[in-house]
Structures are given as structure tokens and as C-alpha cells.
Amino acid sequence: MASSLKPLLEDPSLLKTGHNANFDMTVLEAAWGLRVAGLQFDTMIAAHLLGKKAIGLKALALDLLGQEMTHITALIGTGAKQTTMDNVPIPEASAYACADADMTWRLRSLLKDGLEKDGLWKLFAEEELPLVPVLVRMQLNGVAINVPLLRQMSQELHQRLQPKTGYSTDAASLEALKGAHPVIDLILEYRQLSKLKSTYVDALPEMVNPRTGRLHTSYNQAGVVTGRVSSSEPNIQNIPIRTELGRQVRKAFVPGQPGWLLMAADYSQVELRVLAHISRDEGLLAAFARDEDIHAATASLVYGVPLSEVTPDMRRIAKVLNFGVLYGLSPYGISQQTDLNPEQGAQFIETYFAKFPGIRQYIEGAKEQARRLGYVETLLRRRRYMPEINSSNFVARQAAEREAINMPIQGTAAEIIKRAMVRLQERMDAIGLRSMMTIQVHDELIFEVPPEELETMRSLILEVMPGAIQLAVPLKVAVKVGPSWGDLE
DNA sequence: ACGGTCACG
DNA sequence: ACGTACGTGACCGTT
């Protein structure tokens, strides 16, 4: 069967339509070495771009075609006695599979019209679809981990986690121990250690594929409302880094072959640069044009002191304000992140807006657009619908306002790295490099690189990533190299 | 199945 | 007076 399908599926002139083609392409290549070419439409990605909430095939068929489809559980059962598709009699399996193909094809024309009507066709065809085979390739590449190192860490953590306090950490225990000040830190430490142990140190080695000896994540291109890609099983985008123990976990992510190295490329302050572009705020534009430390530059303006006189405390507050802006800042939010009270937070916000008037205008504009059109959009016109923006419930309304402020920024940053990924993989293929793109973490890409390709990859990255999308400020990219993800310079 | 918690950008 | 920063996914204990 595979051999008769192979020439058809691998022929790029025979155009393919799929529903979550990423999954089928990944399975076909992993199981049969079959590399699907000519992907022309994906109904799951299309439905997601159109803002559909339920984007499964069955849900879409019902929603858009009024067709009730047989659910897979009708064939394979549920719970403990669930079986697998290969045990289903051919006539049943055949009818089920044909229904999937039929509905996908019927949805295609409907969704295509929808994309064209909303001005999303270009984004779909030129940005999202070309990313599919890139993500498939990254999933198949996988990442190598140092299993013995994680096993050793697990044993050490097991020792450290032996009940040194003698108390459990559930809510009742905390209540009973309230006031016993010194124990609080121990509880927090316990929680941190057990979190890292269960979620990473113990879980990751269990997920290594025995056939490849590597860890294969899944990237979801149709899950995040802002347009980001997410990662699951394992989530490769939340590997620890912020504590020393976290960095230890990162050191277990290594190249898969002796002599190879990991190369990491990250966009520096990409969301604030996007904000500078969208808002055209003069202060922000100028700071990035001069390539200044953006938080220090912000502190200098907000506190009215020269850059040279900005103290670490001033910079820390400015950093909170800058991040706050990206999230739709509130006096309470500022107070939670600093030792300021909400009144002082409000004062700082006022000063901030006075110094960055373009940012206030952007925020007001985003809320206004959401109210007027019912959606906001990114640079490449991806939409997020905001039904709650006119809610009479002000908590819901304010939440929608913060989402309206954040989405164009986060979403545009996602578009930048997605385009960079497609162009990088194209160039790597054209040159015939052995280097592999393996991990994406929102503003960062990780590559596995043989020593003789280090300089080629470095220049390729520094050419493609900063030039992915032209903004009113430069895009800055930092490249690091090292023997593990936790040990890069 | 769900909320609390906590890991990341 | 309300309940509060944006976007995710995994684990755990409780239901």
C-alpha cells in the first residue's frame, strides 16, 4: 500500500488537502519514510485563522456543513477496552476514512471562501502553509537528551526530597503551620524540586523514542489565539532556565552526535521592537535605533536622569513597566511585580505614558478597533475576535481590552519567527546542509550543527532572522553555541 | 474532569 | 464593589 501511494504523495505537482496535515505527514514519514509534497490546503489551520473555536473535523463538519459524523469511539470503543484502528473490520474502517476525506474536501471550498472574504488568504498560503513541512521536519528531527545525567539528577533530587521537614505541603498543613515563618521557604523549595523532578527530570527520559533514541515533540500550529506555535508531549517550550537547578535540566539537552554542537539564535526584545514599530512612538524608536539597553533607556526617560545615572532599582521598575505595556498594564499588576503600591503604580504608569505618548495612542487605538470592528489584527492581518470588548461586565470587558492590546504585539512577533523558520529551512535545504532545526521557543530557535557548518549556519541565521520582516526598528539576533542547551556562549 | 500550581516566552 | 497584567502545557490532588 505504501509503495503504491508513495509516488502520488511525494509528487509535488499533485496538490494535497488535509485536516491537520502535520499529523498525517509526520506519521507517514516516521512509519514509511514517505515524504508528502504539494500540500495546498489544511482545513484545521484555515478554521483556526477564521477564529473558529472548535476546529476538529467532526465539529467543523457539523458547524459548517450540518453533517453529523461518526466519532472514532464508535469504531474503537472507549476507556479500558478501547482498541485500535487496525482491529476495525475493513468495511467500517473504509467508510470512516472516506467520510473524513469527503468532509475535509467539502470544508475546503467553504473555508477557502472564508479566508478570501476576510483577507486572510495571503497569510494562509504564504506564511502558514509553508510552515507545516518545517514543523514536521523539526518534529521528526527531535532532540537528543543525556539520559544518564537526568537519571543521576533524579536520584539526587530523591535524596533531597526525603521528608526533611516531616510535614506535607497540602493546604491543611500550610494552615496549621501558618506563622511558623521558617518553614515557608522549605515548602517552596520542596515544591520547586518536586515540580522539576516530576515534570522534567523523571518524565523526559521516559519519552525518548526507542527507535530514534531522541525526544520528539509535537508542534501545534492551530492552538494559540495570537498565532504562536505551541508544543506538547513533551512541551519543549517550558524547559526550565530561571533557577540553577533549571539550568541543570537544560544541560541534559545535547547534540545527538559526537563533535556536533547546539546553536541557539534568539530575537532580542522582539516584542518591544514590534511595539515600537506598531506605535511609532518616537522615544521607543530612538532607543532601538541607537541600540540602547531598552529598560535602562526607559528608566532614563521615566526618572528624568541621564542613562549613566540609571540605578539597578530604576531599571527594574522600568522593565516591569515595559513588560506591563505588552500585557495591558494596570496599577494592580505593577504593584504585584514590584514593592510599589497600586497608587504608586498608577503614578508611574502616568509618567510612562507622558514620556511615551505613542504607546498610549497605540493602546487606545487597539481598544477602539476592537470595539468598532470586533477584532484586532497583527502586521500580517491575522485576526483575533474580541466578543467581550463591549461586555457590560467590566471585569470581562477589561480582560478583553488587555487581550486586544497584547495580541497584535505577540502575534506579530510570532509571524516574524515563523517566516524566519521557513526561509531558514529553505536556505539550509538549498545549500544541502546537515544541520537540523530542532526547537522553537517563541523568540528563539535551536539548531544541531556539525562543526564544519558552524560558520555557514551563523551567517545564514544572521542574514535571515533579522531580515524576516522589515520593521521601523532593526531586528537584533543573538547567536550562541555550546555543548548543551544549558551551556551556550 | 477540574482547579491549583508552576514551568516557559 | 468588583477582581486584576498577555500567551501556553504538565503534574498533582481532589472530585
Side-chain angles (χ1 to χ4, degrees), chain A residues 79 168-174 187-204 206-207 217-243 245-250 253 264 266-272 274-275 319-338 340 342 345-346 348-349 363 366 376 378 382 384 386 391-414 416-417 439-446 485:
Chain A
S168 65
T169 61
D170 57 60
S173 313
L174 284 176
I187 291 171
L188 292 174
E189 186 188 358
Y190 182 94
R191 284 196 179 154
Q192 191 214 343
L193 296 188
S194 61
K195 178 87 178 183
L196 292 183
K197 182 170 186 290
S198 64
T199 307
Y200 307 102
V201 176
D202 289 342
L204 293 176
E206 298 302 318
M207 302 184 79
T217 188
S218 297
Y219 287 107
N220 186 355
Q221 200 180 340
V224 184
V225 287
T226 59
R228 276 188 176 178
V229 165
S230 73
S231 155
S232 63
E233 291 180 288
N235 181 350
I236 208 79
Q237 293 176 324
N238 74 344
I239 303 300
I241 191 173
R242 291 173 189 176
T243 66
L245 185 60
R247 277 187 290 280
Q248 285 293 119
V249 172
R250 267 190 191 218
F253 285 77
D266 72 275
Y267 282 110
S268 154
Q269 304 294 354
V270 62
E271 292 195 344
L272 285 171
V274 166
L275 175 62
K319 185 175 177 179
V320 169
L321 290 169
N322 279 334
F323 274 103
V325 157
L326 302 175
Y327 299 155
L329 81 184
S330 69
Y332 180 83
I334 299 300
S335 72
Q336 289 297 294
Q337 297 295 319
T338 61
L340 303 173
F348 269 99
I349 291 171
I363 289 171
V376 290
T378 61
R382 172 186 289 267
R384 178 176 183 178
M386 320 260 27
S391 169
S392 57
N393 175 342
F394 86 85
V395 176
R397 188 171 67 245
Q398 289 196 319
E401 290 177 354
R402 292 191 297 270
E403 292 161 6
I405 293 161
N406 174 263
M407 185 273 176
I409 302 168
Q410 187 182 122
T412 300
I416 290 170
I417 195 166
I439 294 174
Q440 191 252 37
V441 194
H442 309 309
D443 61 1
E444 170 184 31
L445 294 172
I446 308 291
W485 199 5

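Labels below follow one simple rule: chain letters A, B, ... track the order of the sequence lines, proteins then strands, and each chain is numbered from 1. Just the heavy atoms: all of them, side chains too, but no hydrogens, waters or symmetry mates, feed the values below.
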Can you find a side chain N or O atom of A/Ser230 that sits less than 4.0 Å from OP1 or OP2 on C/dG9?
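For C/dG9, OP1 or OP2 has a side-chain N or O of A/Ser230 closer than 4.0 Å.
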Side-chain N or O of A/Ser198 less than 4.0 angstrom from OP1 or OP2 on C/dC12?
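It does, given that an N or O in the side chain of A/Ser198 lies less than 4.0 Å from OP1 or OP2 of C/dC12.
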Students often get this wrong, so: under 4.0 angstrom with heavy atoms, is [X] touching a base, only sugar-phosphate, or nothing?
X: A/Ser194; result: nothing
X: A/Arg397; result: nothing
X: A/Gln192; result: sugar-phosphate
X: A/Asn238; result: base
X: A/Gln410; result: base
X: A/Ala413; result: nothing

Is there a donor-acceptor pair under 3.5 Å between the side chain of [X] and the backbone N or O of [Y]?
X: A/Arg402; Y: A/Leu329; value: no
X: A/Thr412; Y: A/Ile409; value: no
X: A/Ser231; Y: A/Ile236; value: yes
X: A/Arg384; Y: A/Val225; value: no
X: A/Ser232; Y: A/Pro234; value: no

Closest to the A/Glu233 side chain, choosing from C/dC6, C/dT8, C/dA10
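Of the options given, the side chain of A/Glu233 lies nearest C/dA10.
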Interatomic distance, [X] [atom1] vs [N] [atom2] [rounded to whole Å]:
X: A/Tyr190; N: C/dC12; atom1: OH; atom2: P; value: 11 Å
X: A/Arg228; N: C/dT8; atom1: CZ; atom2: P; value: 9 Å
X: A/Gln440; N: C/dG7; atom1: CD; atom2: P; value: 18 Å
X: A/Asn220; N: C/dT8; atom1: CG; atom2: P; value: 10 Å

On a whole-Å scale, what distance lies between the C1' atoms belonging to C/dA5 and B/dC2?
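Going atom to atom, C1' in each nucleotide, I get 24 Å.
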Taking only residues two or more places apart in sequence, or in another chain, which ones meet A/Asn238 in a side chain to side chain donor-acceptor pair (under 3.5 Å)?
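By the side chain to side chain donor-acceptor pair (under 3.5 Å) rule, A/Asn238 matches A/Tyr200.
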With rounding to the nearest 0.5 Å, note down the distance linking CZ in A/Arg228 to CG in A/Asn220.
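Output value for this atom pair is 14.0 Å.
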N/O-N/O pairs, protein side and nucleotides 3-5 of chain C side, under 3.5 Å:
residue, atom, partner, partner atom, Å
C/dA5, O3', A/Arg402, NE, 2.9

With heavy atoms of chain A within less than 4.0 Å as the criterion, where does contact along DNA chain B begin and end?
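Taking any atom under 4.0 Å from a heavy atom of chain A, the span is B/dT5 to B/dG9.
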Pairing partner of C/dA1 (Watson-Crick or G-U wobble, both distances under 3.5 Å):
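Paired with C/dA1, as far as the under-3.5 Å criterion goes, is no nucleotide at all.
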Stepwise side chain to side chain contact (heavy atoms under 4.5 Å, CB included) check, A/Gln237 with A/Gln440
CA-CA 7 Å; A/Gln237 293 176 324; A/Gln440 191 252 37; 3.0 Å; yes
A quick test of your reading: do over 12 heavy atoms of other residues, nucleotides or ligands sit less than 6.0 Å from CD of A/Gln336?
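Count over threshold, so yes.
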